[in-house]
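Quick notes on the structure that follows.
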Amino acid sequence: DQHLKNFDLINPKPKRVVVILCSSTGDGECPDNGNKFYRYLCKHSKIAKNEKTPESRIFSHLHYTILGLGDSDYSSFHKTPKTVNSAFEALGAKFFHYFGKADEAIGLENEVEPWIKGFWDELATTVEEAKTQAIDTTTEVVDNEESKEMPEEDTTKFEKAKICSKVTESEEYRKVLRLELELDRTLSASEDIQPGSYISVMPKNSLGSVKAFINACKWEETPELIEKLTTEFDFLKSVNKKALGSILGESEHLQEKAVFNYLDYLAFVNPSSAVSMDILETVPKMKSRFYSLSSDPVDTNKLEIGFTVEEHEQNDVFQKGNKIVKQGVCSNYLYRLSEEEKVEFDIKLGKSSLFNTTKEELDNQPPLIFISHGTAVVPFIGVLKRLRRMLETKEIKGLRGIEFYFGIRNKAHDYLFKDELSSLFEYFSSTNPDSKFNIHLAESRPNELEERKYVQDLINLNTSDLQYKIQVNKALIYICGNGNTMVKAAEKILEEITGSSEQLQDLHKDGRYKKEVWTAN
């Protein structure tokens, strides 16, 4: 609906109640038909947060609620809905109902239907209450910049890449693939691509899985159909049970709480005749996957990434007691590419805000606190390499120490980037002899005689030291990981260390607490 581009909540007549249905596209960007409205919100909420005056709270007359639509397979899960919610809150609007966060990874309907169930009654009550409230119309907002094309905060650009080398670390628990990608040009410092930035890759289904899907649907195999299913549809995603039931007919398995994908379900049901092509309307579209850089992307035409090649056993939903092997779509796509000779493919290079720390901030020599787990260590490798380069080129005077809290499964089997971390920390210690550089390893699956520990446990053991570094030495904190597990637990302890959740959020607003978080189920 193009109307949203010109939607004004104040002029010419103030609105009282607003219901927002909002999604994100790409890497958490606002959909095209809401860009102007989104920029309007971001601009005025920033003013409100800085000024903190009644006059800046231009939405104080508003009641609002949000239903967000997203996919937890992406690190930017609900980025736009969350930003919109934060803006409305900063501008003084009052929330009713609750913030619905629908997740395509487990089925949008699992959140949408409960959200709708209680929505109408609360809306009717809120509308009646709003009618009785006076609205202050003395503040008029005129935004002349809305007609201009504003640059995106996280710009992205297409690049052609080739895999020029790879290292496969086959461990007891997982297989980690580290790739070096060669671009057809050199990235310059003027492009301001920070360490911790990422590439996005549009994956393709394997030929084997495509043919299995065609066979399960009892369709005729054609080159056009193979190409379409290879590039456009993610049929290894969880099924939309409600939509699938309307096409294939209700099944007792569609009523189960278990999550299963389209290919598994069709193979099990084994339809007696060809399935309607309408089924493709229910299958999620293929989306880009994002991988953080483990290299420092300056004055180079090579980028490094590292990730887990997803292949794991899980219980068979349909044949109880059996195990089936599941493979990630994009990680295995890249693994297949790495087996080929110098194949060229498209990537999109994107900027991250995880390490947007300025030279001036580092010149004050604050201690640095890094918190991570698993493959979320990847962006920190790039950050550490940038710090080493800045020391080598004398861009910064020195470092006051790094405390790195890193969660792994077992240090004997899957200590990712062990050699790089050891080398980097030895260099920092030798060039900054008066400062401490420590790696705190938390093993969640240690040897039998050792106690299981998580990142938050180690943080909890060092609260006094961290409190001094944060409150007295003005340390900078960086955290990257799963928002449902490690980050959530670590933040609880950080809130205790800083005094409250509000204090921790103040550090975030001041740029001293930076985080890059994803959520997954």
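Only a predicted model underlies this, so the values are computations on that prediction, with no experimental measurement involved.
Residues Y198 and Y291 place their aromatic rings such that the two centres sit no closer than 6.0 Å. Between F96 and H63, the ring centre distance reaches or exceeds 6.0 Å. Ring to ring, Y478 and F380 are not that close: their centroids are 6.0 angstrom or more apart. Ring pair F404/F406: centre-to-centre distance below 6.0 Å.
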query: Between K385 and E304, does a salt bridge (Lys or Arg N to Asp or Glu O under 4.0 Å) hold up when you go through it step by step?
result: CA-CA 12 Å; K385 289 177 179 177; E304 296 172 6; 3.1 Å; yes
- request: Give the C-alpha distance, both sets of side-chain angles, the deciding distance and a yes or no for side-chain contact (heavy atoms from CB on, under 4.5 Å) between L229 and L280.
  value: CA-CA 9 Å; L229 292 174; L280 293 180; 3.9 Å; yes
task: Test side-chain contact (heavy atoms from CB on, under 4.5 Å) on H440 and N438 and set out the steps.
output: CA-CA 6 Å; H440 307 266; N438 299 309; 3.7 Å; yes
Check against salt bridge (Lys or Arg N to Asp or Glu O under 4.0 Å), R289 and D234: CA-CA 12 Å; R289 269 57 166 186; D234 194 352; 2.9 Å; yes
- prompt: Is there a side-chain contact (heavy atoms from CB on, under 4.5 Å) between L349 and L303 once you walk through the steps?
  reply: CA-CA 10 Å; L349 183 59; L303 303 174; 4.1 Å; yes
field: Verdict with reasoning, F345 to L181, per side-chain contact (heavy atoms from CB on, under 4.5 Å)
entry: CA-CA 10 Å; F345 62 104; L181 308 179; 4.2 Å; yes
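The closest donor-acceptor contact from the side chain of H78 to the backbone of A102 lies under 3.5 Å. When atom types are taken as modelled, the side chain of S45 and the backbone of A87 share no donor-acceptor pair closer than 3.5 angstrom. In this structure, the side chain of N261 engages the main chain of L263 through a donor-acceptor pair within 3.5 Å. No donor-acceptor pair closer than 3.5 Å links the side chain of S197 to the backbone N or O of I193. Remark: side-chain polar atoms of N332 are not paired, donor with acceptor, to backbone N or O of V329 under 3.5 angstrom. For the pair T463 (side chain) and I459 (backbone), a donor-acceptor distance under 3.5 Å is absent. The main-chain N or O of I497 is found under 3.5 Å from a side-chain atom of Q471 such that the two form a donor-acceptor pair. With H97 contributing its side chain and W115 its backbone, the two residues share a donor-acceptor pair below 3.5 Å. S295 places no side-chain N or O within donor-acceptor distance of the main-chain N or O of P297, the cut-off being under 3.5 Å. Proximity of a side-chain donor or acceptor of N482 to a complementary backbone N or O of N484 within less than 3.5 Å is detected.
Contact between L387 and I396 at its shortest, heavy atoms only, is O-CD1, 4.4 Å. Of all the heavy atoms in T83 and C42, the pair that sits closest is CG2-SG, 4.0 Å. Across all their heavy atoms, N473 and R400 have their closest contact at OD1-NH2, 3.3 Å. Considering every non-hydrogen atom in both P379 and S292, the closest pair reads CD-CB, 3.7 Å. In plain terms, the two heavy atoms of M286 and F233 that are nearest each other are CE-O, 3.6 Å. Scanning all heavy atoms of the two residues, the minimum distance from P81 to L69 falls at CG-N, 4.5 Å.
Counted by atom type alone, Y64 and N85 present one or more donor-acceptor pairs between their side chains at under 3.5 Å.
Other residues, nucleotides and ligands contribute only 12 or fewer heavy atoms inside 6.0 Å of the NZ atom of K204. Other residues, nucleotides and ligands contribute more than 12 heavy atoms inside 6.0 Å of the OH atom of Y98. Heavy-atom contacts from other residues, nucleotides or ligands closer than 6.0 Å to NZ of K359 number more than 12.
Distance check: L458 CG to L441 CG gives 8.5 Å after rounding to the nearest 0.5 Å. Interatomic distance, I477 CD1 to T498 OG1, rounded to the nearest 0.5 Å: 7.5 Å. Once rounded to the nearest 0.5 Å, the distance linking CE of M390 with CZ of R386 reads 7.0 Å. Atom NZ of K514 sits about 11.0 Å away from atom CZ of R512, to the nearest 0.5 Å. In this structure, the separation between CE on M486 and CD on Q456 is 8.5 Å, given to the nearest 0.5 Å. Interatomic distance, CD1 of I305 versus OG1 of T375, reported as 11.5 Å (0.5 Å rounding).
Between L293 and I199, the closest side-chain pair of non-hydrogen atoms falls below 4.5 Å. Proximity of Y262 to P284: side-chain heavy atoms (C-beta onward) are separated by under 4.5 Å at one or more points. Put simply, the side chain of I371 reaches to within 4.5 Å of the side chain of L494, judged on heavy atoms. Two residues are said to be in side-chain contact when any heavy atoms from C-beta on lie closer than 4.5 Å; I20 and F88 meet this criterion. The closest side-chain heavy-atom distance from V201 to D346 is not below 4.5 Å. Counting heavy atoms from C-beta on, the side chains of L504 and Y513 come closer than 4.5 Å. No side-chain heavy atom of L461 sits less than 4.5 Å from a side-chain heavy atom of D457. Between V383 and D296, every side-chain heavy-atom pair lies at or beyond the 4.5 Å cut-off.
Electrostatic pairing of K509 and E502 does not count as a salt bridge here, judged by no charged N lying under 4.0 Å from a carboxylate O. Ion pairing of R389 with E395 is present here, as a side-chain N (NZ or NE/NH1/NH2) and a carboxylate O approach within less than 4.0 Å.
A cation-pi contact links K101 to F99, judged by a cut-off of 6.0 Å to the six-membered ring centre and 45° from its axis.
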